[in-house]
Amino acid sequence: MSSPASEARLEPFRLRGGNFNLLVLRLLDPRVEVIVPALADQFRRAPGFLRNAPIVLGLDDLDPSAAPDFGHLIAQLRSVHIAPIGTTGGATDVRAAAQAAGLPPLRAAGAELPVAAPAAPAPVPEPVQEMPPPPSDWQPTMVVDQAVRAGQRIWAQGCDLIVRGTVNPGAEVIADGNVHIYGALKGRAIAGGAENLSARIFALNFEPELVSIAGYYAVRDGLGDAPLGRIVQVCLIGESMRFDRLG
Amino acid sequence: MAQVIVVTSGKGGVGKTTSSAAFATGLAQAGKKTVVIDFDVGLRNLDLIMGVERRVVFDIVNVISGEAKLSQALIRDKRVDTLSILPASQTRDKDALTKEGVATVIEELSKDFDYILCDSPAGIEKGALLALYFADQAIVVTNPEVSSVRDSDRILGVLQSRSKRAEEKKDPVKEHLLVTRYDPARVEKGEMLKLEDIQEILRIPLLGVVPESESVLKASNTGNPVIMDAESSAGQAYKDAVARFLGEERPMRFTDAEKKGFLSRLFGGRAA
Ligand SMILES: Nc1ncnc2c1ncn2[C@@H]1O[C@H](COP(=O)(O)OP(=O)(O)OP(=O)(O)O)[C@@H](O)[C@H]1O
Ligand SMILES: [Mg+2]
């Protein structure tokens, strides 16, 4: 018996990647006494805008030799209810100065990691964790927004397939990954390419002519007591196909 | 600009030509300048059903190959003066039709007509592809049987991928479902597909349901499109379908088996 509370004691935290949308405040002038009043002015015209919003300081436009006084800047920004949480871009020295004041460099999604700033004297918070980059052979899921009609054949090469309509009798959908059908499966669905034994097929209304995973297949007459007409997941257990009712 | 309408089905013998003749006549009766083209090169029979077979001199192949002018090949209907027929060739094969040739004919017809109906041959090969290629709208003719529904489904896929509108990424071809040879009594007995079953697969708007009717055969044998037979259920169903096509609202008829009347039930006789 383990209650959620006792689990929580066993595992005090979890580390997870996450993607966030953040505003970037691009600094065009290194002088704190110029930046902050201009911001405050902007705020008076749009009260509530940015209030308590976490923002990232964009350093690309700053002169590499003239880093702002980041400690002072952070304090001043907080006094107008802006919470700087990190930096993006900028020259190595400018980034290092920000990091020393407690603002780590963040990596924009899809951008190269900045070259590590020189070790800072003060203990520095960890940079925000990002999702690990996808493996190089990763392919986005193929999405089909219509019914797949008789005689049509759709092949999601090297990826998953999502069909938003029905797969009609006489139609065929094929994926090297999983097949998801948000409609009725009345035709053929083939998942897992030649060897992906862990691929699955999902359908909101399971009435297939044929389903196949990694070369193992079942025709309509061989479906036995599969839950026809239901929401079903198909997977392989060893060499046999399993049909689970999901709803 | 004229609207180009293809009457198509995939499967053969489901009633494309019957429906083309009825629709063309109905549109013309409604005052629309209408021309109906027979794309079934080699197996022409639209001219028979329209009762103009003895007036055919030139055909669409002659026009495309430059042997005749379009105006020479067009046959003006004697019953409805806004209706013309462009027959197919009996002696040539389907390769005689080219995309460029058909494009020129349709372009020229567009100047003079409101509606250009294309009676497609069966199948999904060249002739059928050519008949649907220039379509703005499609009337998909389907019988209440599995193979016909399957073929209609196929032709819908073709319309969505291989028509000119699809190739040019324009608005898709507007699709209409016309169920023909519907026999409610046999549907009730489970011998034929129900209307709902057909619609569930095809999922396009229903334009009409034409019941199985002996008057259709009679009409084609006499060369009078069945829509001119106001007595017949099929004729009335086609009239309704044309009216719906032109934007009128009409309740569906002929979809339920006739209920036996009280007296006939009492005496076990047949309803009149
Ligand atoms: N509603 C109906 N009731 C009874 N018979 C019908 C009906 N509609 C069509 N038919 C008959 O079905 C047969 C085929 O009709 P039609 O020639 O119109 O089909 P088609 O689809 O044009 O055929 P094809 O594919 O050969 O061109 C004809 O004999 C016709 O009389
Ligand atoms: Mg025909």
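Quick note on labels: first sequence line is chain A, next is B, and so on, each numbered from 1.
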Task: Distance (rounded to the nearest 0.5 Å) between Leu210(A) CG and Leu223(A) CG - done: 8.5 Å
Task: Leu97(B) CG to Leu130(B) CG distance, which is reported to the nearest 0.5 Å - done: 5.5 Å
Task: Any donor-acceptor N/O pair, Asp244(A) side chain to Gln233(A) backbone, under 3.5 Å - done: no
Open item on the list: Which heavy atom of Leu57(A) sits nearest to which heavy atom of Leu77(A), and what is that distance?
Closed with: CD2-CD1, 4.1 Å
Under 3.5 Å, what donor-acceptor pairs does chain A form with chain B?
from	atom 1	to	atom 2	distance (Å)
Arg149(A)	NH1	Asp153(B)	OD1	2.6
Arg149(A)	NH1	Leu202(B)	O	3.2
Arg149(A)	NH2	Leu202(B)	O	3.0
Ala150(A)	N	Asp153(B)	OD2	2.7
Asn168(A)	ND2	Asp153(B)	OD1	3.0
Asn168(A)	ND2	Asp153(B)	OD2	2.9
Asn168(A)	ND2	Ile201(B)	O	3.1
Pro169(A)	O	Arg150(B)	NE	3.4
Lys186(A)	NZ	Glu200(B)	OE2	2.5
Glu209(A)	OE2	Arg150(B)	NH2	3.2

- [ ] Can you label the angle between the Phe23(B) ring and the Phe245(B) ring as parallel, tilted or perpendicular, going by 30° and 60°?
- [x] perpendicular
- [ ] Find out whether Leu129(B) and Val158(B) are in side-chain contact, i.e. whether some heavy atom of one side chain is under 4.5 Å from a heavy atom of the other.
- [x] yes
